[in-house]
Amino acid sequence: MKQIPKRVRLTLIPIVLGLFVALFIHHFIAQPVKVTDNDMAPNLRTGQTVWLSATRKPHRFDVVLVVQQGVTPTTPQSHYTMLRVIGMPGDTVAYKSGLLYLNGHKTTQSFLSHTQQSNGTSQFDWDLVSLSQSEGWIQPNTSYKVPANHYFLMGDNRQSANDSRHIGFIPRNAIRGVVRLAPWQGWFQRHHNINNAS
């Protein structure tokens with residue numbers, strides 16, 4: 001059997017290594033994903049490409065990709081959306097006078113517009129129990145706290161986002177990763193609102 005010529009080997013090695021690195025990054029570090037709706041507007045918009053880190057655990061105020069199968073039974077398996085982590089397991093979440101309270105403390109949401117921050121983003125007061133009852137997603141174990149292995153997610157586009165206010169707590173296994181913008185994507189404030197809000 002003939003040996004591969006040295007010149008061919010020298011050409012093939014970088015190509016093979018490059019493919020290996022690209023596959024490793026794609027599967028284990030980050031992969032490109034398109035935004036499918038305006039739930040995170042104005043920070044993310046429909047059609048925009050973002051990067052998904054499947055290995056990073058979600059933290060408060062991270063933007064995550066959610067596969068909605070199992071969250072809403074009528075949603076097709078392929079549908080996904082991007083929302084922001086507001087309530088972690090064990091947290092209490094409430095709105096009073098249009099402002100967010102986490103675990104009883106008023107919480108600044110710097111990723112929202114100045115108008116939203118000053119005027120609030122909810123027209124009525126609620127906590128997890130009253131919200132679950134009014135929206136119809138009440139569960140037998142619904143309490144004032146986010147259950148274990150679940151999250152309370154909201155879109156930055158508070159007027160129209162289809163999020164935990166309407167569909168309830170999101171199980172951990174429905175979250176496929178944390179969304180990031182590359183350094184060259186978007187102006188500084190938008191970049192900060194996605195990558196550094198947590």
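Between Q109 and I86, some side-chain heavy-atom pair lies under the 4.5 Å cut-off. A 4.5 Å side-chain heavy-atom check between D127 and Y101 finds every atom pair outside the cut-off. Residues F169 and L128 form a side-chain contact, since some pair of their non-hydrogen atoms from C-beta on lies under 4.5 Å apart. L44 places a side-chain heavy atom less than 4.5 Å from the side chain of M82.
Side-chain atoms of D91 never come within 3.5 Å of backbone atoms of V93 as a donor-acceptor pair (strictly under, hydrogens ignored). A distance-only check finds no donor-acceptor pair linking the side chain of R165 to the backbone of N162 [under 3.5 Å]. Remark: side-chain polar atoms of R84 are not paired, donor with acceptor, to backbone N or O of M154 under 3.5 angstrom. R172 contributes a side-chain N or O that, together with a main-chain N or O of I175, makes up a donor-acceptor pair within less than 3.5 Å. A donor-acceptor contact shorter than 3.5 Å links the side chain of T107 to the backbone of H105. Panel note: side chain H150, backbone A148; a donor-acceptor pair is recorded below 3.5 Å. A donor-acceptor pair under 3.5 Å is formed between the side chain of T36 and the backbone N or O of Y80.
Taken from CD in Q48 to CG in N43, the straight-line distance is 9.0 Å, to the nearest 0.5 Å. Distance check, rounded to the nearest 0.5 Å: OG of S130 to CG of D125 gives 8.5 Å. For the atom pair NE2 of H166 and OG of S132, the computed distance is 13.5 Å after rounding to the nearest 0.5 Å. Atoms CZ and OG1, from F61 and T108 in turn, are 8.5 Å apart once rounded to the nearest 0.5 Å. Between atom OG1 of residue T81 and atom CG of residue N38 there is a gap of 9.5 Å, rounded to the nearest 0.5 Å. How far CZ of R56 is from CZ of R180: 4.0 Å, rounded to the nearest 0.5 Å.
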Show your reasoning for whether side chain to side chain contact (heavy atoms under 4.5 Å, CB included) applies to Q31 and W51. CA-CA 5 Å; Q31 56 182 305; W51 294 89; 5.6 Å; no
One pair to check against side chain to side chain contact (heavy atoms under 4.5 Å, CB included): V33 and R176. What are the steps and the verdict? CA-CA 11 Å; V33 181; R176 296 302 165 88; over 6 Å; no
Does M40 form a side chain to side chain contact (heavy atoms under 4.5 Å, CB included) with V35? I'd like the steps, not just the answer. CA-CA 9 Å; M40 285 297 299; V35 179; 6.0 Å; no
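Between F152 and W126, the ring planes lie tilted relative to each other; the angle falls in the 30° to 60° range.
The two residues V85 and P58 have their closest heavy-atom pair at CG2-CB, 4.2 Å. Closest approach of G90 and N103 over heavy atoms only: O-OD1, 4.2 Å. When all heavy atoms are compared, the tightest approach of I170 to S164 is CG1-OG, 3.6 Å.
Counting only N and O atoms by type, the side chains of N157 and D39 include no donor and acceptor under 3.5 Å apart. No donor-acceptor contact under 3.5 angstrom links the side chains of T92 and K145, judged on distance only.
For D37, the salt bridge (Lys or Arg N to Asp or Glu O under 4.0 Å) test picks out no residue, with sequence neighbours left out.
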